[in-house]
Amino acid sequence: MEKRRSGLWFALTAALVCKSAAGCVPPLEGTRLESPRFVLAFRASPQVGEFFSLEIAVCAKSAAVPESIRIDAHMPEHRHGMNYAPEVKALGPGRWRAEGLMLHMPGKWEFVFEIRAAGKTDRLAREVVLSEFSQEEIAKILQHGPWPPPERRDPSNRVSGKREAVAFGEKLFFEPRLSGTGSVLCATCHAPFRAFQDARGRGFGLQEVDRNTPSVLNVHFYRWYGWDGAHDSLWSQSLRPLLDAREMNATPAHVATTVRKLFSTDYERAFGRGVPGDDETVLVDVGKALAAFQETLVSRRTPFDEFRDGLQTGNQASSYPAAAQRGLKIFIGQGNCTACHFGPHFTNGEFADTGVPFFVAPGRVDAGRHAGIQKLRGSAFSLVGKYNDDSARSTATGTTHVELQHRNFGEWRVPGLRNVSLTAPYMHNGSLATLRDVVKHYSELNEERLHADGERILKPLKLSPAEIEELVTFLESLSPLPDMGASEGRNAVYPAVRPH
């Protein structure tokens with residue numbers, strides 16, 4: 001086979017010769033290669049194990065006329081070549097198509113073009129990393145990016161994106177005197193060095209609460225807040241722990257007094273006015289400053305992002321582990337994980353029954369989304385209320401139209417999966433200690449535990465031990481590696497956060 005292909009030379013029936021190097025442009029949109037005498041462009045969409053064609057165009061920079069061209073492909077890491085000899089057909093002046101090519105293994109390949117003219121040979125080569133994913137699978141993968149998403153303001157918060165408000169909110173985030181006891185701060189549960197969560201099964205401020213502490217990384221991109229979605233904006237959610245007796249145990253009067261005594265200058269810079277006399281107004285503005293700060297906590301890029309972007313551009317990252325790729329194939333395929341976890345943030349932003357018990361203690365249940373909708377409707381701080389700074393109520397559609405249904409009982413917000421390997425334990429109650437436990441939970445799912453009014457989105461995945469490890473490896477690739485971000489400045493304080 002090698003002997004046959006080494007003698008595989010194709011006579012060119014025509015050559016595109018340009019008058020000057022500056023005017024030498026091959027008549028083909030595609031990957032462009034250049035040698036001292038020629039410019040070559042080619043276009044192809046190879047898939048593992050499938051025959052494909054390769055379109056080629058050549059133009060000459062000088063009077064040298066190509067006499068023949070040879071086309072080959074091999075895997076440079078071990079010199080493994082193709083098993084089939086392609087045929088080249090002329091399409092017109094300066095254009096050819098090679099047919100009958102097949103790259104039968106995933107990995108790094110190299111196309112080689114040798115153009116013979118005037119007794120000399122110009123060799124041009126281009127590396128291509130061949131994915132084991134189909135075009136349909138690649139389309140699904142590309143939906144999970146790009147990352148980071150474009151910055152955007154929250155129209156319901158007039159200081160969203162304002163630098164002075166971000167600085168004020170950061171001070172408040174680390175200020176224990178906002179709490180009723182002067183001993184608890186937002187960072188007690190949302191610790192920067194723990195990816196802005198606390199590594200506990202259930203949160204603990206002044207007392208243990210009923211639910212796991214979610215990270216506030218990427219919190220700006222949610223539609224609903226809290227495991228039960230009882231809040232519809234980041235600023236209203238930021239008020240909840242301040243007022244919860246088990247967390248920070250403050251009152252509007254206490255928060256307002258603290259701002260007047262300690263932060264009047266910061267408040268004026270952020271909001272462009274003196275601190276109001278109405279305590280509840282000050283409380284809401286504290287929530288909006290906290291939200292402005294939290295909006296900046298966007299996680300860094302990950303190995304998955306490099307791989308995903310490579311698929312899009314055709315420069316696939318060869319360093320992405322094979323086990324992670326197999327896990328990704330499960331994630332978008334047989335696992336059906338993308339039914340809930342899709343998009344750049346890996347969440348649909350809504351609620352689902354996960355088959356995890358909703359009993360908090362003997363005789364006491366956590367109703368999840370069902371109770372969350374009721375709390376939302378009774379809140380003075382929702383987007384349909386007077387504290388929404390957006391007169392058009394452009395972000396209040398969900399609040400206006402959300403429907404309370406029986407199946408909401410025991411449903412929980414679908415969390416985003418970025419940085420998931422950094423935020424154990426898992427589920428709304430912290431009942432699963434590791435990612436492996438989570439994957440095993442869905443692999444061995446007890447369908448009798450599903451209580452979503454007959455809904456059956458989830459089914460046992462029945463994964464093999466090897467497939468479980470592969471899916472875990474993929475999930476781990478959704479967190480940045482230690483060497484993928486800056487180690488100085490803001491990233492030294494917030495190591496999981498991308499530079500802002």
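If you're wondering where the values come from, they're calculated on a predicted model, not measured in any experiment.
Taking all atoms of both residues into account, the shortest heavy-atom contact from Gly355 to Leu445 is CA-CD1, 4.5 Å. Here the closest heavy-atom approach between residue Leu33 and residue Ala125 is recorded as CD2-O, 3.7 Å. Heavy-atom minimum distance, Asp353 versus Leu458: O-CD1, 3.2 Å. Residues Asn157 and Ala292 come closest through the heavy atom pair ND2-N, 4.2 Å. The shortest non-hydrogen separation linking Glu99 to Ser53 is CG-CB, 4.1 Å. Here the shortest heavy-atom pairing between Phe474 and Ser477 reads O-OG, 2.6 Å.
One finds the CG atom of Asp122 at 10.5 Å from the CG atom of Leu40 (value rounded to the nearest 0.5 Å). Taken to the nearest 0.5 Å, the CG atom of Leu471 stands 5.5 Å off from the CD1 atom of Ile330. The distance from the CZ atom of Phe307 to the CD atom of Gln312 is 13.0 Å, given to the nearest 0.5 Å. Taking CE of Met75 as the reference point, atom CD of Glu110 lies at 11.5 Å (rounded to 0.5 Å). The distance from atom CG of Asn83 to atom CG of Leu101, rounded to the nearest 0.5 Å, is 12.0 Å. Annotation: the span from Asn212 atom CG to Trp412 atom CH2 amounts to 11.5 Å, rounded to 0.5 Å.
Partners of Glu50 according to the side-chain contact (heavy atoms from CB on, under 4.5 Å) rule, which considers only residues two or more places apart in sequence or in another chain, are Gln47.
A salt bridge links Lys61 with Glu34: the distance from a Lys NZ or Arg NE/NH1/NH2 to an Asp or Glu carboxylate oxygen falls below 4.0 Å. Ion pair Asp305/Arg418 flagged as a salt bridge, since at least one NZ, NE, NH1 or NH2 atom sits closer than 4.0 Å to an Asp/Glu carboxylate oxygen.
Residues Glu411 and His370 bring no donor and acceptor atom of their side chains to less than 3.5 Å of each other.
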Next on the checklist: Under the criterion salt bridge (Lys or Arg N to Asp or Glu O under 4.0 Å), I'd like the reasoning laid out for Glu350 against Arg223: C-alpha separation, chi angles, the key distance, then a yes or no.
Outcome noted: CA-CA 8 Å; Glu350 290 297 318; Arg223 180 183 303 117; 2.6 Å; yes

Next on the checklist: Run the side chain to side chain donor-acceptor pair (under 3.5 Å) test on Gln294 and His220 for me, step by step, so that the C-alpha distance in whole Å, both residues' side-chain angles and the decisive distance to 0.1 Å come before the verdict.
Outcome noted: CA-CA 7 Å; Gln294 291 171 84; His220 184 34; over 6 Å; no

Next on the checklist: Between Val219 and Leu297, is the side chain to side chain contact (heavy atoms under 4.5 Å, CB included) condition met? List the steps.
Outcome noted: CA-CA 8 Å; Val219 72; Leu297 303 179; over 6 Å; no

Checklist entry - Step by step, would you call Arg301 with Asp309 a side chain to side chain contact (heavy atoms under 4.5 Å, CB included)? => result CA-CA 11 Å; Arg301 286 174 57 82; Asp309 291 357; 2.8 Å; yes

Item to check | Check against salt bridge (Lys or Arg N to Asp or Glu O under 4.0 Å), Lys459 and Glu447 | outcome: CA-CA 7 Å; Lys459 295 180 179 179; Glu447 292 185 85; over 6 Å; no

Checklist entry - What's the verdict on salt bridge (Lys or Arg N to Asp or Glu O under 4.0 Å) for Glu67 and Arg116, showing C-alpha distance, side-chain angles and the deciding distance? => result CA-CA 6 Å; Glu67 300 165 1; Arg116 186 77 175 172; 5.1 Å; no

Checklist entry - How far apart are the C-alpha atoms of Val356 and Ser431, what are their side-chain angles, what is the distance that settles it, and do they pass the side chain to side chain contact (heavy atoms under 4.5 Å, CB included) test? => result CA-CA 8 Å; Val356 174; Ser431 58; 3.9 Å; yes

Item to check | Test salt bridge (Lys or Arg N to Asp or Glu O under 4.0 Å) applied to Arg95 and Glu55, step by step | outcome: CA-CA 7 Å; Arg95 292 288 303 275; Glu55 292 193 51; 2.7 Å; yes

Item to check | From CA spacing to verdict: side chain to side chain contact (heavy atoms under 4.5 Å, CB included), Met82, Asp72 | outcome: CA-CA 8 Å; Met82 292 190 297; Asp72 199 0; 4.0 Å; yes

Less than 3.5 Å apart, which donor and acceptor atoms pair up between the side chains of residues 420-427 and the rest of the protein, not counting sequence neighbours?
residue: Ser421; atom: OG; partner: Ser479; partner atom: OG; Å: 2.8
residue: Thr423; atom: OG1; partner: Val420; partner atom: O; Å: 3.2
residue: Tyr426; atom: OH; partner: Val420; partner atom: O; Å: 2.6

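Two residues are said to be in side-chain contact when any heavy atoms from C-beta on lie closer than 4.5 Å; Leu328 and Phe133 meet this criterion. Looking at Gln325 and Tyr320, their side chains come closer than 4.5 Å, going by heavy atoms from C-beta outward.
In this structure, the ring of Phe113 has its center no less than 6.0 angstrom from the ring center of Trp96. Between Phe304 and Phe331, the ring centre distance reaches or exceeds 6.0 Å.
Arg43 places a side-chain N or O within donor-acceptor distance of the main-chain N or O of Glu29, the cut-off being under 3.5 Å. Checked by atom type and distance alone, the side chain of Ser236 never pairs as donor or acceptor with a backbone atom of His231 at under 3.5 Å. Not a single donor-acceptor pair under 3.5 Å links the side chain of Tyr225 to the backbone N or O of Ser238. Checking side-chain atoms of His441 against main-chain N and O of Thr354 turns up a donor-acceptor pair under 3.5 Å. The backbone N or O of Phe42 lies less than 3.5 Å from no partner atom in the side chain of Arg126, so there is not a single donor-acceptor pair. Counting only distance, with no hydrogens or angles, the side chain of Thr347 and the backbone of Val414 share a donor-acceptor pair below 3.5 Å. A donor-acceptor pair is defined here as one N or O able to donate and one able to accept, closer than 3.5 Å; such a pair exists between the side chain of Thr400 and the backbone of Ala396. For Arg158 (side chain) and Lys288 (main-chain N/O), no donor-acceptor pair under 3.5 Å exists by modelled atom type. Using modelled atom types, no side-chain atom of Arg308 and backbone atom of Trp147 make a donor-acceptor pair closer than 3.5 Å. The backbone N or O of Glu114 sits nowhere less than 3.5 Å from a side-chain atom of Arg123 that would complete a donor-acceptor pair.
Annotation: cation-pi geometry satisfied between Arg369 and Trp224 (NZ/CZ under 6.0 angstrom from ring centroid, within 45° of ring axis). Geometrically, Arg413 engages Tyr222 in a cation-pi contact defined by less than 6.0 Å to the ring centre and at most 45° from the axis.
Other residues, nucleotides and ligands place more than 12 heavy atoms under 6.0 Å from the CZ atom of Arg153.
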